[in-house]
Novice: 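First the structure, then my questions, so here it is.
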There are 2 protein chains.
Amino acid sequence: MARRAHSGPEDCNCLAVRQAARHVTQFYDQFLAPSGLRTTQFSILAKLRRLGPMTINALAAEMVMDRTTLGRNILPLERDGLIAVGQGSRDRRSKELQVTEAGEARFRAATKGWVQAQQQFEKAFGAKRTTDMRALLHAVAATDLGPTAV
Amino acid sequence: MARRAHSGPEDCNCLAVRQAARHVTQFYDQFLAPSGLRTTQFSILAKLRRLGPMTINALAAEMVMDRTTLGRNILPLERDGLIAVGQGSRDRRSKELQVTEAGEARFRAATKGWVQAQQQFEKAFGAKRTTDMRALLHAVAATDLGPTAV
DNA sequence: CCTATATGGGAGTACATACACTGATGTCAA
DNA sequence: TTGACATCAGTGTATGTACTCCCATATAGG
């Protein structure tokens with residue numbers, strides 16, 4: 001059998017997923033550009049819209065994103081009036097994030113571009129490979145990769 | 001058949017790959033942290049080391065990265081003396097990037113952590129799924145997704 | 001030779017990402 | 001009650017990402 005004895009940095013899972021993320025993000029961003037939203041912003045609006053008002057910590061976990069990163073990412077959305085940031089009801093420390101009317105409208109407008117991107121992606125990459133890849137990516141994002149142990 | 005009539009933003013390929021990239025990057029970064037390298041920097045050194053001295057444009061294409069992004073990313077590496085930036089021989093506009101001795105040493109030190117990360121990832125996610133995912137990601141990064149046509 | 005066009009790279013701007021540290025609040029037990 | 005500990009979120013710092021505009025240089029046509 002021609003098994004490789006070793007795997008080198010050319011087989012890096014991290015590099016592979018980052019390269020793919022850059023490539024795909026640029027593609028989707030082109031379709032979202034007319035709406036004035038980035039893919040990250042579109043994703044935040046989509047999540048918040050589907051799940052309803054929630055705190056920064058909760059949304060960050062849903063986004064598989066660091067809490068402080070989400071804190072920064074909501075600033076442009078808040079500035080543009082697409083989401084509203086109110087005080088949490090039970091806990092005064094927390095902040096409730098909510099999609100505004102303007103946010104809803106912007107999201108619906110951006111969805112047109114997103115559908116095009118999604119369809120063209122599937123056409124170019126293949127329906128089966130697209131489904132398989134997305135399933136694997138969802139799985140890896142949900143996998144506890146374990147302790148660092150350095 | 002129970003086919004879904006529509007796919008909504010919860011099936012976004014872009015969000016999936018970005019979430020996975022964040023999750024995996026944080027994992028690998030923990031193992032690389034003792035060496036003082038980020039995953040991006042480790043990848044740059046690995047590519048440049050394997051392929052030999054090359055220009056910013058060429059390396060950016062190899063990294064599936066925007067030219068200006070790579071320009072920014074090499075600054076910390078240059079500052080720390082891990083890569084050397086010289087003038088191109090044939091074209092005076094171009095810059096030749098090269099891994100220095102210090103860069104080689106740093107890379108070798110970081111490789112210990114990378115191997116641990118790679119092995120633990122494979123153990124947690126499964127060897128077959130890891131191989132499949134990496135193949136799909138390499139394929140998508142190399143796929144011309146086509147014109148924007150907005 | 002000289003100009004039109006193409007190409008290599010930098011600067012400005014804006015957003016994305018996350019760690020360490022900090023402050024503010026909540027919770028629970030002594 | 002009150003003090004120890006946990007939890008929510010902001011700030012400082014550093015890097016990652018890419019677009020637009022810009023300049024320097026190269027190359028091809030005339």
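Throughout, a chain's letter reflects where its sequence line sits, starting with A, and its residues are numbered from 1.
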Novice: Tell me which residues in residues 76-106 of chain B put a heavy atom below 4.0 Å from DNA chain D, sorted by number, or none.
Specialist: B/Pro76, B/Arg79, B/Asp91, B/Arg92, B/Arg93
Novice: Nucleotide range of DNA chain D contacted by chain A, 5' to 3', under 4.0 Å to a heavy atom?
Specialist: D/dA6 to D/dC19
Novice: At the 4.0 Å heavy-atom cut-off to chain B, mark where contacts on DNA chain C begin and end, going 5' to 3'.
Specialist: C/dA6 to C/dC19
Novice: Do A/Phe42 and A/Thr111 touch side chain to side chain, with heavy atoms closer than 4.5 Å?
Specialist: yes
Novice: Could you list by number each residue of residues 40-50 of chain B showing a heavy-atom separation from DNA chain D of less than 4.0 Å, or answer none if no residue does?
Specialist: B/Thr40, B/Gln41
Novice: Only distances under 3.5 Å count here; give the side-chain donor-acceptor pairs of residues 45-62 of chain A to other protein atoms, sequence neighbours excluded, each with its distance to 0.1 Å.
Specialist:
unit_1	atom_1	unit_2	atom_2	d
A/Arg49	NE	A/Glu104	OE1	3.1
A/Arg49	NE	A/Glu104	OE2	3.1
A/Thr55	OG1	A/Ala58	N	3.3

Novice: Ignoring hydrogens and geometry, is there a side-chain-to-backbone donor-acceptor pair from A/Arg106 to A/Ser35 under 3.5 Å?
Specialist: yes
Novice: Find which nucleotide of DNA chain C each of A/Ile74 and B/Asp29 is nearest to by heavy atoms, and output the residue with the more 5' nucleotide.
Specialist: A/Ile74
Novice: State, yes or no, whether a side-chain contact exists between B/Phe107 and A/Pro9 at a heavy-atom distance under 4.5 Å.
Specialist: yes
Novice: Name all pairs fulfilling the salt bridge (Lys or Arg N to Asp or Glu O under 4.0 Å) condition that reach into residues 77-89 of chain A, sequence neighbours left out, sorted by first residue then second.
Specialist: none
Novice: Scan for side-chain hydrogen bond (donor to acceptor under 3.5 Å, both in side chains) pairs involving residues 12-24 of chain A, sequence neighbours excluded, and state none if there are none.
Specialist: A/Asn13-B/Tyr28, A/Asn13-B/Gln118, A/Asn13-B/Arg134, A/Arg18-B/Thr25, A/Arg18-B/Thr40
Novice: Show me the donor-acceptor pairs, under 3.5 Å and distance only, between side chains in residues 66-76 of chain B and residues at least two apart or in other chains.
Specialist:
unit_1	atom_1	unit_2	atom_2	d
B/Asp66	OD2	B/Thr68	N	2.8
B/Asp66	OD2	B/Thr68	OG1	2.6

Novice: Should the pair B/Phe121 and B/Phe125 be assigned to parallel (<30°), tilted (30 to 60°) or perpendicular (>60°) ring geometry?
Specialist: tilted
Novice: For residues 82-91 of chain B, which side-chain N or O atoms pair as donor and acceptor with protein atoms under 3.5 Å away, sequence neighbours left out?
Specialist:
unit_1	atom_1	unit_2	atom_2	d
B/Asp91	OD1	B/Arg93	N	2.9
B/Asp91	OD1	B/Arg93	NE	3.1
B/Asp91	OD2	B/Arg93	NE	3.3
B/Asp91	OD2	B/Arg93	NH2	2.7

Novice: With sequence neighbours left out, which residue pairs that include part of residues 56-101 of chain B fulfil the ring pair (Phe, Tyr, Trp, His ring centres under 6.0 Å) condition?
Specialist: none
Novice: Any base atoms under 4.0 Å from A/Arg67, or only sugar-phosphate, or nothing? Heavy atoms, all strands.
Specialist: base
Novice: Check each of A/Val99, A/Ile44, A/Leu97, A/Thr100 against A/Leu77 using the side-chain contact (heavy atoms from CB on, under 4.5 Å) test, and report the only one that passes.
Specialist: A/Ile44
Novice: With a 3.5 Å distance limit and no angle check, can you tell me whether B/Gln116 reaches the backbone of B/Gly113 through a side-chain donor-acceptor pair?
Specialist: no
Novice: What's the angle between the local helix axes at either end of the helix from C/dC1-D/dG30 to C/dA30-D/dT1, using five pairs per end and rounding to 10 degrees?
Specialist: 0°
Novice: Do A/Val24 and A/Thr39 touch side chain to side chain, with heavy atoms closer than 4.5 Å?
Specialist: no
Novice: For the CD atom of B/Gln30 and the CG atom of B/Leu32, what is their distance to the nearest 0.5 Å?
Specialist: 10.5 Å
Novice: So what does B/Thr25 touch, heavy atoms closer than 4.0 Å: a base, only the sugar-phosphate, or nothing?
Specialist: nothing
Novice: Quick one: salt bridge (Lys or Arg N to Asp or Glu O under 4.0 Å) pairs with a partner in residues 116-126 of chain A, sequence neighbours left out?
Specialist: none
